[in-house]
Amino acid sequence: MSTGRLRLHRSALLVALVLVSVAFAWLTPSASAEFRKGRIIMNDGRVIEGDIEERGRTVVVRLAFGEVPYTRDRIKAIEYEDAGGEGGGADGVHWIIRLKDGSVLTAESFEDRGQNIVARVGGAEVIIPKSDLLQPGAIEKRTSPAGGGGAAGPGPTDPDDPQEIEFTGAVFRDFEAGFAVRRPDDEWVIVGRSPEPMIRASLSREVDGVGAEIEVQVIDEELDPFREVDAKKSKQLAGVLNDQMKKRYAKSGTPKVTVKVWNGLAVYESTFSAQPAGRDKQFDYVETRIFAAGQLYVIRGWAPKLDGSTLPKVQSVLDGFSLLGALVFTPDAYVDLESGFAVYSPNDDWRLDIDLFDRAHPVRFLLPASDQAYANLEVEIETAEEDALAKTRMNTFIAQRKEKSRYFELQGSPVDRSDDGVEIIEIAYLDFPPGGDKLENFRHTIARVDSGFVHVRTRASRDPEAERARDDTAAVHRRFHPVSESRLHAQIENQSAALDDFHEGWLAFSKGNHENALASFERAAGRFDRFARAWFLASRSAEKLKRFEDAQRFREEAQTRDPTGDWGGDSSEIMLSAARSAFKSKRFEEAVRYFKAAGGMSLDEKDRGDYVKAYLAWAKAKKGFEDREDVYKKAMKDSRDNPAVENAYYGMLMSWASALQKKKDFRGAKRQAKEAKKVTSNPKNRNKAEAFLNKLAEAEAKERGR
């Protein structure tokens, strides 16, 4: 993909924003202004969110840096939020839920349901496997003013977990991939993560099985001819799509491709029917392809039957899709997609200060002075050679600072970390500010991004009252986050390779070559851990190869990654099938292991009976009393003191005691007889054990009297 094309596109958006800002950004609001929170949908697909006031032929949006007017001929639609915002529970209480993949959810409430938690997000339930939670501190209680809406702005709410995704239930923004999607209505649920590779966001409408997903691809040579929409190329694109669909579907019809207009842009739309590999259901699909910024955005909707009632529901997802501009900023966050970085304020005390016209120093965060406690942040963008290293640049900075400063003291060693392959170096030091006579705390972070070096510098006073300010500056550096085009493309390419592996596995599985199929499915899941279908088909392949423990483990992985998916029943069914097979073949130890894994005594009456019989047969097959005792102890525990096991264990212990008596090992015989009396709940057996102990005492006394 051409990096230049991407930057040119984003630069154009930035220039447009700057030109508007030059003319109107600093207008003073009119005294009679009545702003309402909402969003404007532009004809070119962009969405501007903020406080809105309609003034005749002009619509004014109040953003962080001032007011910006737009003429109505550039606007497709205006949508206002309902009073009270999009989230927040009673008394403003809400919950921040952080996931391993970077998603940050703002929930009104949540419930613990075993292996999953169920969060109430934007009025809808979202099921989240516990294994996907970021540990520690995955769930945090927050309180905001009554009627508030949880996390605000493009980014997370936790300073220790900066990511490029924001998900508040009603809206999902992917800053790295450059798009946002809003759910059409309350019956839709946005899942800001997907168990399928290439999918950046997915939505579902559980009431009727309708769903949608957003896929992002890098425009390669195969897709490049379709960057410019041409109705004559529709059939040609249908052929390309048909080849791509083979990687995702077991069966698919030839797509019908047409050209349509969306938000003033011409796009390709295709419809087809297909059955996903590893699923037993067929769906009807509609896909809209938008070529922008060197990337291909695919909005794919599906339904069990795409008729007149469900088609508008699927297509309504497209109305909530928008492309993000080169800059996204709110009072507490600044995301620069062109330069490749994001910075966030640590709390509400800080104030964002933007200079859109200074590309070298575009953004500052300021902490208002309180007595002598103060702090600020400044970002500098520096061009760099392609092979330049952040560590080398930091060493140069340290040397220059030592040479020019009358006092320079590093606080600890430089921190060298990596954010998905992006090199980041951070130092903390004491120094005098320019023209100052008091030492201050400084921090300096350098990151090597696509555009060169990004420097993040903070300074804070050293007065006792400034302890929070110093903590805040440390939080700022932890929240600094590269937003890298190359990282996005590496993710896409890796997930595309996972689809290739999955396709190879499906072909092998279809031909009965389960060894090769299993290897391919495991590779696919290894490249993309959340790939639920790959885990599921790895389970199916392992089951065919009679590797039942692996089959169960893979099935559980699939169910954990996608709890709402249809994976052919619970994973215990695999173990139960294996147990029945082993029992029938008289492999009793193996049968016990599988029955236990399948649920043990919670199984139905027939399988419970076979479970006990397998234990008894396994114990009986052991030659020595000690080995039999080990099996019976396990059987007593696992069978919940089943009477048949209890009687068999009792009988074995009494036989052992009798054998020891014959060897005149009276102590050992007494020990086993006492154990037999202990394990049985049958009064007759207890009496027999007691009588044996009495006879044993008589025999022992007689032996001593000789």
Side-chain angles (χ1 to χ4, degrees), residues 36-42 45-50 52 75-89 94 97 103 105-110 118-128 147-152 165-174 179-194 199-215 260 262-263 267 269 271 283-288 290 297-324 564:
R36 294 172 58 194
K37 185 172 289 294
R39 65 178 191 147
I40 295 176
I41 303 173
M42 307 297 289
R46 288 185 300 127
V47 173
I48 296 98
E49 299 190 10
I52 299 172
I75 298 172
K76 177 186 177 185
I78 303 174
E79 296 179 355
Y80 293 102
E81 293 183 6
D82 294 330
E86 296 175 346
H94 57 277
I97 303 175
S103 301
L105 285 71
T106 302
E108 298 95 63
S109 62
F110 75 94
V118 178
R120 194 76 178 172
V121 180
E125 287 191 349
V126 179
I127 300 174
I128 307 167
I165 292 173
E166 179 200 26
F167 177 32
T168 61
V171 182
F172 176 87
R173 296 180 182 88
D174 187 331
F179 76 89
V181 62
R182 178 184 292 265
R183 64 181 185 180
D185 55 54
D186 290 345
E187 291 184 333
W188 284 85
V189 175
I190 298 179
V191 181
R193 42 203 304 284
S194 174
I199 308 305
R200 301 289 295 194
S202 60
L203 305 86
S204 64
R205 195 175 186 278
E206 298 296 336
V207 292
D208 50 16
V210 173
E213 57 197 18
I214 315 298
E215 177 178 347
K260 62 177 293 187
W262 169 80
N263 285 342
V267 297
E269 182 180 89
T271 56
F283 296 86
D284 289 323
Y285 292 85
V286 57
E287 294 183 351
T288 300
I290 301 171
Y297 299 90
V298 183
I299 298 89
R300 178 186 300 110
W302 68 85
K305 186 177 181 181
L306 203 59
D307 56 24
S309 63
T310 57
L311 179 58
K313 296 170 186 173
V314 169
Q315 291 178 324
S316 65
V317 175
L318 182 62
D319 294 331
F321 177 85
S322 60
L323 299 176
L324 298 178
T564 63

Engineer: Do you know which two heavy atoms are closest between Leu203 and Arg183, and how far apart they sit?
Structural biologist: CD2-CA, 4.0 Å
Engineer: Working to the nearest 0.5 Å, report the span between OG of Ser322 and CD1 of Ile40.
Structural biologist: 13.0 Å
Engineer: So do the side chains of Ile52 and Arg36 get within less than 4.5 Å of each other, counting heavy atoms only?
Structural biologist: no
Engineer: Applying salt bridge (charged side-chain N to carboxylate O under 4.0 Å, His left out), name anything that partners Glu213, two or more places apart in sequence or on another chain.
Structural biologist: Arg300
Engineer: Do Leu318 and Glu269 pass the side chain to side chain contact (heavy atoms under 4.5 Å, CB included) test, and can you show the C-alpha distance, the side-chain angles, and the key distance before you say yes or no?
Structural biologist: CA-CA 11 Å; Leu318 182 62; Glu269 182 180 89; 5.6 Å; no
Engineer: Specify the closest pair of heavy atoms between Val317 and Ala212, including all atoms of both residues, with the distance to one decimal.
Structural biologist: CG2-CB, 3.7 Å
Engineer: Do Ile214 and Phe172 have side chains that get closer than 4.5 Å, going by heavy atoms?
Structural biologist: no
Engineer: How many angstroms lie between atom CZ of Arg182 and atom CG of Asp319, to the nearest 0.5 angstrom?
Structural biologist: 12.0 Å
Engineer: With rounding to the nearest 0.5 Å, note down the distance linking CD1 in Ile290 to CZ in Phe321.
Structural biologist: 5.0 Å
Engineer: Relative to the ring of Tyr297, is the ring of Phe179 parallel (under 30°), tilted (30 to 60°) or perpendicular (over 60°)?
Structural biologist: perpendicular
Engineer: Check Glu215 against Ile199 and note the closest heavy-atom contact, atom names and distance.
Structural biologist: CB-CD1, 3.8 Å
